[in-house]
Amino acid sequence: MAETINRKLTPAGLPGRRGKISSEKPGNALRVFGRIFTYLGDQKLSMFVIILLLLVNTLATLSGSYLLRPTINKYIIPHDIAGLINMIAVLLALYIMGSVASMIQNRMMITVAQRTIHKIRTDLFCRIQSLPLQFFDSHSHGELMSRFTNDLDNLSDSLNTGITQILSSFLTLTGILFMMLYISPLLTIVTLVIVPFMLWVAGRIINKSKTYFSAQQGALGALDGYVEEMIRGQKVVKVFCYEKNALDDFEVLNKDLRDKATHAQLYSGVMMPVIQNLNTINFALTAAVGGIIAIVKGLDIGGLAAFLQYSRQFGRPVNEISNQYNSLQAALAGAERIFQIMDEIPEKPDEPQAESLQKINGDVEFRQVSFGYSPANPVLKKISVMAKAGQKIAIVGSTGAGKTTIMNLLPRFYDISEGQIFIDGINIVNIKRDDLRKSIAVVFQDTHLFTSTVMENIRYGRLEATDQEVISAAQLSGADSFIKRLPKGYLTILESDGGNLSQGQRQLLNIARATIARPSILILDEATSSIDTRTEIIIQKGIDQLMKNRTSFVIAHRLSTVRNADEIIVLEHGQIIERGNHEFLLQLKGRYYQLYSAQFD
Amino acid sequence: MKSYFPFLSNYRKAIYLAPLLVIVDVICEIVQPELMSKIVDVGVKQKSLPYILHIGMIMLILSLIAIAANVGNVYFSSRTSVGFAAELRKGIFTKIQTFSFSNLDKFGSASLVTRLTNDVNILQDLVMMMLRLLIRAPLMLLFAVFFAIRINAGLAIIIAIAIPLLSLSIYFLLHRGLPYFEKMQAKLDIVTRVIQENLINVRVVKSFVRENYENKQFDLASGDLRAMAVKASGIVVLIMPVMQLVMNISIVAIIWFGGVEIISGHFQVGQLMSFITYITQILMSLMMLAMSIMTFSRAGASSKRILEVLNQQPDILDSDEAILKNRQPQKGKIEFRKVYFKYQEQSPEFVLKDISFTASPGETIAIIGSTGSSKSTLVQLIPRLYEVTGGQILIDGADIREYTLENLRNRVALVLQKNELFSGTIAQNLRWGNPQATQEQIMTAAKIAQAHEFIMSLPEKYESVLGQNGVNVSGGQKQRLCIARSLLKNPLILILDDSTSALDIQTEANVRAALKSNSNPPTMLIIAQRISSIRSADRILLLENGEINGIGTHEELIHGNKIYQEIYHSQQLV
Ligand SMILES: Nc1ncnc2c1ncn2[C@@H]1O[C@H](COP(=O)(O)OP(=O)(O)OP(=O)(O)O)[C@@H](O)[C@H]1O
Ligand SMILES: Nc1ncnc2c1ncn2[C@@H]1O[C@H](COP(=O)(O)OP(=O)(O)OP(=O)(O)O)[C@@H](O)[C@H]1O
Ligand SMILES: [Mg+2]
Ligand SMILES: [Mg+2]
């Protein structure tokens, strides 16, 4: 049983299982709070005005209810109509002022809140962009996406109305307290007797709900992770009739979320009514004691009425605060998860002495390079390769030999543990990373496209390329003929990752995108594996012409793709076992010859 | 609305109980001001201590009852709303599982994910609020109005004017705000999509140094979302102050008219106070209503998006007859009869035209053809991933539509050209082919696919954990895992769509030999670009522009087919 649950939970990419995101530490709330406020701090002026308007509104409302007493005592009871009219005018003015202030303040707060959310969202995105590839290898996409949607949404709700409401509640509370003290200090003390008890109850509830909110957001993230992966892999699910199993796995996560969410909602929901009714009890107490005082000490009726009015009002801001504080918990739980990602360590910054390279020649040298994705598992062992500018180097070898890995090292997707790589004689560690990557174009083994037009997808290689240049790049890489037959030609919108194209067509676009970049070094990693060999010949002519004085690396299993390379490197288990050109290797009668003959067995 | 009833059916009792408890609570709360005014008007005026204490006790007891009722209400409404959300998510996920490829293409995965989580959360909030506030607010309103009228029917006219005025202004604001919420969710979809694409394409972004460009793009998408959120919330958030204004003016009006009445001796000060209390209560309940309405307005947009998914008709379904007969493919004979196909109804050209051929049980047919010649399309029709536009495909003499999808797909293993692995261990991934597979069976399949050796070289062997979509294995390793996964199905028909393109020739030959060595080999369709991969097939089918250009053995085609000759020569190593 335990085994099956375990089995079921893993595909979801539960955080903590593969991810290295640290789990929440208690006592962080204040720090998270502080960080949110730094974001708000960027809009000091707006915040200042908002608080000012808040003050106006609160004061207007408060003095409105305060004026009730003089109105009754001074004008209504003595039958002073003229005075009453005056008072009415004052009240009207106050209330209108309050409402207008509240309107402006609400709108401003929305603007400020959304600006803040936008800032956090883009900051989070930028930070993710700067993280090293290892991070992406080990985190589920859906779980990360969940931080942008669900977690940020909680924060957004809270910022929209929560913060101002808490502020205004505090203001109201202070105001009311002040008024109560003014009318009857004795009664005020009676009213406040219950407050410590209220705070204690609130504290207990908040503690609980906070834990459950964190758990809820985590469970939601896990579910998002699972759902994203399954929906994106729906085609495989279909092919394997895996629907029922997927549903079962989904249910495990769904139930987990349900249980945690129920607890979170329960505890946060209980807060308001409990506090509210404690307050009513308090009110009953005050009313009784007030009545007694009125009898014994002769407090005027108007005074008692006003006091009771206040003590009733006292409950509302307390309520509000407790209620908002709770949704703030949800927001904090979300914010915490967002800041966790922001605290991930980005790709190592450039060395201070790193050179900026505008134009490189394309001499590449691997010198005794060793590398492993994890230290325990070396993938490449002492690889040395020399490529002169203008040469075409081919890498062949069994699958899993480390071909892709070698090429991942050149643009510094991963940093090597041993040996050096030089471009034009400069160690790549000493080249600005952006410059390095800009001079290299890679066509990856997996095709990747964006949801936008064919034109934009190719232009991605060089943003300032003209339409004409895009078209000639497409012609060069043999993509033009199929693009022209698409419903809207170059303006056809590609569905997610090129879903409406054939695999070979996607590869053609990937090649076109790389060629338009006019790189000094071009890496083709199985770039034509799904393209038929007749089309491939066209592409090859194009690329050879383009790369005339530049360096290219070609990884391929089809020997027809690599035969005209200047040097062919045969890689086996992370080591170079043979090197030389096609004829030489055939004569060698080694591994290459073996692969060659396998074609005609 | 009705579409959601099934998801609430488990919580019927709670749905009745929650409002009932609300009613109890409201009654407790509503009589409190009445009691208070009694303390002032009767107790204090008559200087009767016992009376004051008596009323005080009643107030206390009522509060305790209210607490109990409230906690009960929160319990039921949390359980119901959260449970509803869980059921709804399950419903949507189940629905998505029935979608055909074209249904999926229509929504896009990022949008489906937001609908399934974000939109459902919004509905959860709505249900929660309905159970807690929706009954409460009108009830409070009703009571408060009732008591107010009882105190002074004349003054209540003010309420009669205020409420419609308020409703009108709320309606007006909502009417303007609502459409923005829909647009906002659509913008959220775009933001999610940009994030998803950047996560998937991170290598491309990094290699072209497009981080700044992407950041800018994201900034635009996020800015759009922000603008829409400001528009939507900016309007709705005005409801509160407007309400405050109307109600406060009503209070002033009451003081005026009430004051005049007191002056003329028809009205009591205590009564005026209670009247104002009731007015405040009316204000409070209207606030609650407004909050509910705000939630409603947002939920309306989300609900629409969810219903779009729930009401989407899956294109490809089992026919009743197929379910009744429960027919199983037995031998693995495939026959295409004049098959035509296109992806969209409206596109002028067919992607596949007039395809007819037969594959006998155990036969291996290779399919070759240039990029975009519809090879993948052709094989995807066999397990009914797409439905033929014209003609028929038969397996063992019966149209594929006469089998249930499950029976059909369980016996037809298709290794997709762009394959996906899932995060989890290797063994878990392979078990997709057969959840009950023993370790033995898994290893046999992995051996045939030539994956066993590399799996064993991993530190944790079959228990090694793969990243999302197998990021931590090489291209060829991924392909072999996918083949092994399909083999575990023990299929009658095995289709390899360019599934060995990332394998070196030697390994590929080994896979082929291992497949052949099976005592009872499946019918195989193999798509490949390398002549070496296909020359040993029983027959080769050459596709060109969606039509069959030639069919025959390697020897026959090399002599009789011009295109095949060209392909052959393009692969010769001089
Ligand atoms: N989901 C889709 N929606 C619309 N058109 C599509 C879709 N998938 C493929 N096509 C189009 O149908 C044609 C045939 O595509 P298909 O994937 O069958 O080609 P293929 O022969 O497998 O090519 P390749 O060798 O490149 O894999 C192509 O022109 C392609 O653009
Ligand atoms: N991101 C990664 N994390 C951990 N291990 C990896 C990662 N990528 C690849 N490996 C491992 O490194 C080894 C070499 O992989 P690589 O992708 O370089 O092979 P390859 O020669 O390109 O093979 P193929 O021809 O199949 O693409 C493999 O054993 C693979 O499992
Ligand atoms: Mg590779
Ligand atoms: Mg294909």
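Residue numbers start from 1 in every chain, and the chains themselves are labelled A, B, ... in the order their sequence lines are given, proteins ahead of strands. A quick note: this is a predicted structure, and the numbers were derived from the prediction, not measured.
For D446(A), the part sitting under 4.5 Å from any heavy atom of chain B is the side chain, from C-beta outward, and nothing else. In this structure, chain A has heavy atoms under 4.5 Å from both the backbone and the side chain of I195(B). Looking at T405(A), there are no atoms closer than 4.5 Å to chain B (heavy atoms on both sides), in backbone or side chain. Both the backbone and the side chain of N410(B) have a heavy atom closer than 4.5 Å to some heavy atom of chain A. Of the two parts of S63(B), the backbone and the side chain both hold a non-hydrogen atom closer than 4.5 Å to a non-hydrogen atom of chain A. In this structure, chain A has heavy atoms under 4.5 Å from both the backbone and the side chain of I96(B). N472(B) does not touch chain A: none of its heavy atoms, backbone or side chain, sits under 4.5 Å away. For I440(A), the part lying under 4.5 angstrom from a heavy atom of chain B is the backbone only. Only the side chain of Q124(B) comes within contact range of chain A, with at least one heavy atom under 4.5 Å from a heavy atom of that chain. Of the atoms belonging to F454(B), not a single heavy atom falls under 4.5 Å from chain A. Neither the backbone nor the side chain of Y343(B) comes within contact range of chain A, judged by heavy atoms closer than 4.5 Å. Residue contact with chain B, scored on non-hydrogen atoms closer than 4.5 Å, involves the backbone and the side chain of T533(A) alike. Using a 4.5 Å cut-off between heavy atoms, L385(B) touches chain A through its side chain atoms alone. Proximity to chain A (any heavy atom under 4.5 Å) is shown, for A66(B), by both the backbone and the side chain. Residue contact with chain A, scored on non-hydrogen atoms closer than 4.5 Å, involves the side chain of K489(B) exclusively. Using a 4.5 Å cut-off between heavy atoms, S502(A) contacts chain B through its side chain alone, with no backbone atom that close. Looking at L405(B), the atoms closer than 4.5 Å to chain A (heavy atoms on both sides) all sit in the backbone: N, CA, C or O. Both the backbone and the side chain of I200(B) come within contact range of chain A, each with at least one heavy atom under 4.5 Å from a heavy atom of that chain. Only the side chain of V191(B) comes within contact range of chain A, judged by heavy atoms closer than 4.5 Å. Of the atoms belonging to D434(A), heavy atoms from both backbone and side chain fall under 4.5 Å from chain B.
Here A229(B) is the residue among P383(B), S81(B), G56(B), A229(B) with the most heavy-atom pairs under 4.5 Å with chain A. With respect to chain A, the highest number of heavy-atom pairs below 4.5 Å among S222(B), S78(B), S370(B) belongs to S222(B). Interface check for chain A: of the options V113(B), V74(B), N201(B), L245(B), the most heavy-atom pairs under 4.5 Å are formed by N201(B). Ranked by heavy-atom pairs under 4.5 Å with chain A, the list S376(B), S474(B), G234(B), G476(B) is led by G234(B). By number of non-hydrogen pairs under 4.5 angstrom with chain A, the leading residue of Q196(B), M128(B), R132(B) is Q196(B).
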Could you go through the side-chain hydrogen bond (donor to acceptor under 3.5 Å, both in side chains) check for Q507(A) and S529(A) one step at a time?
-> CA-CA 8 Å; Q507(A) 287 192 333; S529(A) 61; 3.2 Å; yes
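A donor-acceptor pair shorter than 3.5 Å can be found between the side chains of Q479(B) and S501(B). With no hydrogens or angles considered, no side-chain donor-acceptor pair links Q529(B) and S530(A) at under 3.5 Å. Between the side chains of N118(B) and T114(B), no donor N or O sits under 3.5 Å from an acceptor N or O.
Judged by distance alone, the side chain of D532(A) and the main-chain N or O of G369(B) form no donor-acceptor pair under 3.5 Å.
Between F218(B) and F148(A), the ring planes are perpendicular. Angles over 60° get that label, and only those under 30° would be called parallel. Ring geometry, F250(A) versus F93(B): the interplanar angle falls under 30°, so the pair is classed parallel (tilted spans 30 to 60°).
Counting heavy atoms from C-beta on, the side chains of Y460(A) and V205(B) come closer than 4.5 Å. Counting heavy atoms from C-beta on, the side chains of E229(A) and H141(A) never come closer than 4.5 Å. Taking 4.5 Å as the limit, some side-chain heavy atom of V242(B) sits within range of a side-chain heavy atom of M103(A). Side chains of L508(A) and F482(A) form a contact here, defined as non-hydrogen atoms less than 4.5 Å apart.
Taking a 6.0 Å sphere around CZ of R79(B), one finds it holds 12 or fewer heavy atoms contributed by other residues, nucleotides or ligands.
With sequence neighbours excluded, no residue forms a salt bridge (charged side-chain N to carboxylate O under 4.0 Å, His left out) with K438(A).
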